[in-house]
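In what follows, chains carry the letters A, B, and so on, assigned in the order in which the sequence lines appear, proteins first and then strands, with residues in each chain numbered from 1. Just so we're clear, the structure is a prediction, and the values are computed from it rather than from any experiment.
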Protein chains: 2
Amino acid sequence: MKLNEAKEKFIQTWGSLASSWGINRTMAMVHALLLVSETPLSTDEIMETLLISRGNANMNIRELMGWGIVRKELKMGERKEFFVADKDIWNVFKQIVKERRKRELEPVIASIEELKKVDNGNGEAGEFLALMDSLLHVTTKASVLLDLAVKSDENWLMSKLLKLIK
Amino acid sequence: MKLNEAKEKFIQTWGSLASSWGINRTMAMVHALLLVSETPLSTDEIMETLLISRGNANMNIRELMGWGIVRKELKMGERKEFFVADKDIWNVFKQIVKERRKRELEPVIASIEELKKVDNGNGEAGEFLALMDSLLHVTTKASVLLDLAVKSDENWLMSKLLKLIK
DNA sequence: TTAAACTTTCAAAAAAAATTGAAAATATTT
DNA sequence: AAATATTTTCAATTTTTTTTGAAAGTTTAA
């Protein structure tokens, strides 16, 4: 397999993984393209390579910057903006986990806390409350665990976790 | 807040969480409905409560059974099928993790392994190979970690993890 | 074996999400 | 300050996903 072919396949793989996790397919493809690119790319280069429109390219680049995994790079003598992906995959992983925890997990935890205030005068909400409690247990534990992953160094964390398995 | 109102809100919350994780909104709502229901529900009851068609209800119930988090329950003297959700949330969590790891993480790991076979005669694929290696590191470690979560008991795991934090 | 009760399938329709492309806005150079 | 280059926005369009509902299939009971 030639390098360019492998890069293309990687872009496809990354794109389809993302879409099954509720992330825009094109955004993941732009990310993959920047990951495999040895040099910073301009919006035009991204448009050409992925055959997407300017609007689409712009939107997704912006979103990737919002996730903190792509940054702008300016070239001297060039008016265009160029983009680079953070190549430290552990860092990318942490960044995504951090964002999704904030955007999705935390609101759900807050919402379940809210639902625990349900009227239970006659005890009819007992089962419901028990369900909310167990949901809260699992979600807050997941949240704590993700926090641990995000805050710690990869090697330290992994050596500790591997010890748990034995 | 009245119990029924709280149940409705929970169904909405669960539905929107799911859709941001690439899971069909209606499927999550059916799941939530079964979670908060004190008794097994028939397809008709699910249709009526969520205002969805028979085909949709059937499809999503079937899918939930495929995920192993909802099961059929037969009532004596009744010809209809009734459905119940597993109320053990830790179990539900493990089941979902197990399935998604199998369905999505493993194929990606296999695909990256494949891409490592790229032609590197003249050394031009060096950066690409380094990227694949680091991806493989993170994904296989995530996979191992999820395996640990799935195979171990909730309390044991959590007490160990909490120790790591200190 | 027939009929009624119930479940499944799937083509068509509807809804939701993503994409386009051109106009507007912004930034840079002359 | 005008011209040019570049980026951003967003209404309209396209694509993808979800949902419907009626027909076909299956199971149970009489």
Side-chain angles (χ1 to χ4, degrees), chain A residues 11-12 14-34 39-67 70-84 100 103-104, chain B residues 11-12 14-34 39-67 70-84 100 103-104:
Chain A
I11 293 169
Q12 300 306 325
W14 212 231
S16 61
L17 175 69
S19 68
S20 69
W21 285 85
I23 289 165
N24 184 300
R25 215 177 63 96
T26 304
M27 179 172 131
M29 288 168 75
V30 172
H31 183 223
L33 173 60
L34 291 172
T39 57
L41 299 180
S42 68
T43 301
D44 290 81
E45 289 167 312
I46 293 169
M47 286 165 62
E48 276 171 39
T49 315
L50 301 179
L51 301 172
I52 60 175
S53 73
R54 182 171 304 283
N56 196 7
N58 184 271
M59 239 202 84
N60 286 299
I61 292 167
R62 226 94 335 236
E63 184 117 28
L64 284 165
M65 293 200 294
W67 281 80
V70 160
R71 66 176 191 287
K72 200 180 284 191
E73 190 136 298
L74 299 174
K75 274 195 198 170
M76 40 193 179
E78 282 272 20
R79 225 152 123 175
K80 278 196 186 105
E81 294 175 333
F82 290 78
F83 304 94
V84 199
R100 296 202 81 156
R103 296 180 191 191
E104 290 138 22
Chain B
I11 292 168
Q12 300 306 324
W14 212 231
S16 60
L17 174 69
S19 67
S20 69
W21 286 85
I23 290 165
N24 184 300
R25 215 178 62 96
T26 304
M27 179 171 130
M29 289 168 74
V30 172
H31 183 222
L33 172 60
L34 291 172
T39 57
L41 299 179
S42 67
T43 301
D44 291 81
E45 288 166 314
I46 293 169
M47 286 166 62
E48 277 170 37
T49 314
L50 301 179
L51 302 171
I52 59 175
S53 72
R54 182 171 304 283
N56 198 7
N58 183 269
M59 240 202 83
N60 285 299
I61 293 167
R62 227 102 321 245
E63 183 118 29
L64 284 165
M65 293 199 295
W67 281 80
V70 160
R71 66 175 190 288
K72 202 179 283 189
E73 188 136 298
L74 299 174
K75 274 193 199 171
M76 39 191 177
E78 283 271 21
R79 221 150 124 178
K80 277 196 188 107
E81 294 176 335
F82 289 79
F83 303 95
V84 200
R100 296 202 82 157
R103 296 180 192 193
E104 291 138 21

Given DNA chain D, 5'-ward residue of the pair B:Gly55 and A:Gly55, judged by closest heavy atom: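 In this pair, the answer is A:Gly55.
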
Closest-nucleotide ordering on DNA chain D, the 5'-leading residue of A:Arg62 and A:Arg79: A:Arg79

I want to check one thing: is the phosphate of [N], taken as OP1 and OP2, less than 4.0 Å away from some side-chain N or O of [X]?
X	N	answer
A:Asn58	D:dT8	yes
B:Asn56	D:dT20	yes
A:Asn60	C:dA18	no
A:Thr26	C:dT19	yes
B:Thr43	C:dC6	no

What is the distance, rounded to the nearest whole Å, between atom [atom1] of [X] and atom [atom2] of [N]?
X	N	atom1	atom2	value
A:Met47	C:dA18	CE	P	20 Å
A:Glu81	C:dA25	CD	P	19 Å
A:Leu74	D:dT6	CG	P	13 Å
A:Leu51	D:dT15	CG	C1'	16 Å
B:Ile23	C:dA17	CD1	P	15 Å
A:Lys75	C:dT28	NZ	P	18 Å
B:Met59	D:dT19	CE	P	8 Å
A:Arg25	C:dA17	CZ	C1'	13 Å

Most 5' of B:Lys72 and A:Glu78 on DNA chain C, judged by nearest nucleotide: B:Lys72

Shortest non-hydrogen contact from A:Thr43 toward A:Ala57: CG2-CB, 4.0 Å

Shortest non-hydrogen contact between A:Ser42 and A:Phe82, atoms and distance: N-CD2, 3.6 Å

N-O pairing of B:Glu73 and B:Arg71 below 4.0 Å: yes

Side chain proximity check, B:Glu81 to B:Lys75, heavy atoms < 4.5 angstrom: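 No. Closest side-chain heavy atoms not under 4.5 Å.
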
Close side-chain approach of A:Lys80 and A:Asp44, heavy atoms under 4.5 Å: yes

Nucleotide nearest B:Arg54 (side chain, heavy atoms from C-beta), chosen from C:dT8, D:dT19, C:dG21: C:dT8

